[in-house]
Protein chains: 2
Amino acid sequence: MKRTLENINYKEDTELLARFAKALGHPTRIAILKHLENQSCCFTGDLVDVLPLAQSTVSQHLKELKNAGLIQGELKPPKIKYCINQKNWERAKLLFETLFNYDLTNKKY
Amino acid sequence: MKRTLENINYKEDTELLARFAKALGHPTRIAILKHLENQSCCFTGDLVDVLPLAQSTVSQHLKELKNAGLIQGELKPPKIKYCINQKNWERAKLLFETLFNYDLTNKKY
DNA sequence: TAATTCAATCGCAAATTTACGATTAATAAT
DNA sequence: ATTATTAATCGTAAATTTGCGATTGAATTA
């Protein structure tokens, strides 16, 4: 963005939720996460086989999911085993639930 | 993106979920939606007062939320009243739930 | 009719995202 | 020691996103 002289401070939860949402904001990354849910874990190569994208592109998507904290990689040389980061996955789940269930939780009484 | 000669076809739900997630992928837009949940509905001007952003920028964020189907605008000349699009909101909620509750719904038995 | 109000849109600039091929680094196998 | 395998990273290009001020269009009010 341009001319952003001062940064905006949103609530921490808002920032975090947006971060998670942004990471989920690409069909390839949704597909990766769905695959990880099915397989529990998998190697980068498995995903390259499944997705119609170059290895470097898949690697980049994995990096973004990792940076957002949604997945984690474990070294199994020379491969890397990726799994969903359960702790942050639960965190994300709760943040989305809070957003979508606002009416039920806060407006009923 | 570059050199995308053929488009990738993901499942419809995957595409839709990614679309919703992308729209949620900015703290300003999360803030707008939270505000709409609190107020039920509001005018663009209300949001401009609340957010430390230019009117045109807020308008752009509203446009993205509208394009994703998460909100809808109702003409109340010369103002425009924005509300959450309940139908699509529910759709989004379900798609996120399906993603996050995969283990529970599909792996328990 | 003219002035005012509200919000979308335009035009621009900078940053970020998406994608690819090529290269690199690390490890395993020969 | 050399070769092969795996996946990250680099460099590049194009598209998209984010932000702003200025302008426009629509409708209300004076």
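Naming: A, B, ... by sequence-line order, numbering from 1 per chain. Treat the numbers as computed from the prediction; the structure is a model and nothing was measured.
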inquiry  = Output the rounded distance in Å from CG (A/Leu47) to P (D/dT6).
reply    = 14 Å
task = Between protein and nucleotides 22-30 of chain C, map the contacts as a letter string: B base, S sugar-phosphate only, - none, heavy atoms under 4.0 Å, written 5' to 3'.
result = B----SS--
message = Suppose we screen for side chain to side chain donor-acceptor pair (under 3.5 Å). Which residues come up paired with B/Thr44, at least two apart in sequence or across chains?
response = none
key: Closest-nucleotide 5' rank along DNA chain D - winner of A/Lys22 and A/Lys63   = A/Lys63
inquiry  = If you compare all heavy atoms of A/Leu70 against all heavy atoms of A/Ala23, which two are closest, and at what distance to 0.1 Å?
reply    = CD1-CB, 3.9 Å
task = Please state how far atom NE2 in B/His61 lies from atom C1' in C/dT9, giving the value in whole angstrom units.
result = 16 Å
ask   = Residues from residues 64-75 of chain A sitting under 4.0 Å of DNA chain C, heavy atoms only?
value = A/Glu64
request  = Indicate the ring-plane relationship of B/Phe96 and A/Phe96, choosing parallel, tilted or perpendicular according to the 30° and 60° boundaries.
outcome  = parallel
query = Under the side chain to side chain contact (heavy atoms under 4.5 Å, CB included) test, which residues partner A/Gln55, sequence neighbours left out?
reply = A/Val48, A/Ser59
ask   = With a 4.0 Å cut-off on heavy atoms, is A/Lys81 in touch with a base, just the backbone sugar-phosphate, or nothing at all?
value = nothing
ask   = For the pair made of NE2 in A/His26 and P in C/dT18, what is the distance, rounded to whole Å?
value = 5 Å
request  = Sequence neighbours left out, what passes side chain to side chain contact (heavy atoms under 4.5 Å, CB included) with A/Asn67? Give chain and number order.
outcome  = A/Lys63
inquiry  = Mind checking if A/Thr44 touches a base, just sugar-phosphate, or nothing, with heavy atoms under 4.0 Å?
reply    = sugar-phosphate
key: Distance-only polar pair, side chains of B/Asn101 and A/Lys93, donor-acceptor under 3.5 Å   = yes
task = With sequence neighbours excluded, give me every salt bridge (Lys or Arg N to Asp or Glu O under 4.0 Å) pair touching residues 12-36 of chain A.
result = A/Asp13-A/Arg91, A/Arg29-A/Glu64
ask   = What's the spacing between B/His35 NE2 and B/Asp46 CG if we round to 0.5 Å?
value = 5.5 Å
task = Quick one: do A/Thr28 and B/Tyr10 satisfy side chain to side chain contact (heavy atoms under 4.5 Å, CB included)? Show the steps, please.
result = CA-CA 8 Å; A/Thr28 296; B/Tyr10 293 98; 2.3 Å; yes
message = Quick check on DNA chain D: between B/Leu53 and A/Ser59, whose nearest nucleotide comes earlier from the 5' end?
response = A/Ser59
remark   = Regarding the side chain of A/Lys79, the nearest nucleotide among D/dT18, D/dT6, C/dT18 is D/dT6
query = Rounded to the Å, how far apart are A/Tyr82 OH and D/dA7 C1'?
reply = 8 Å
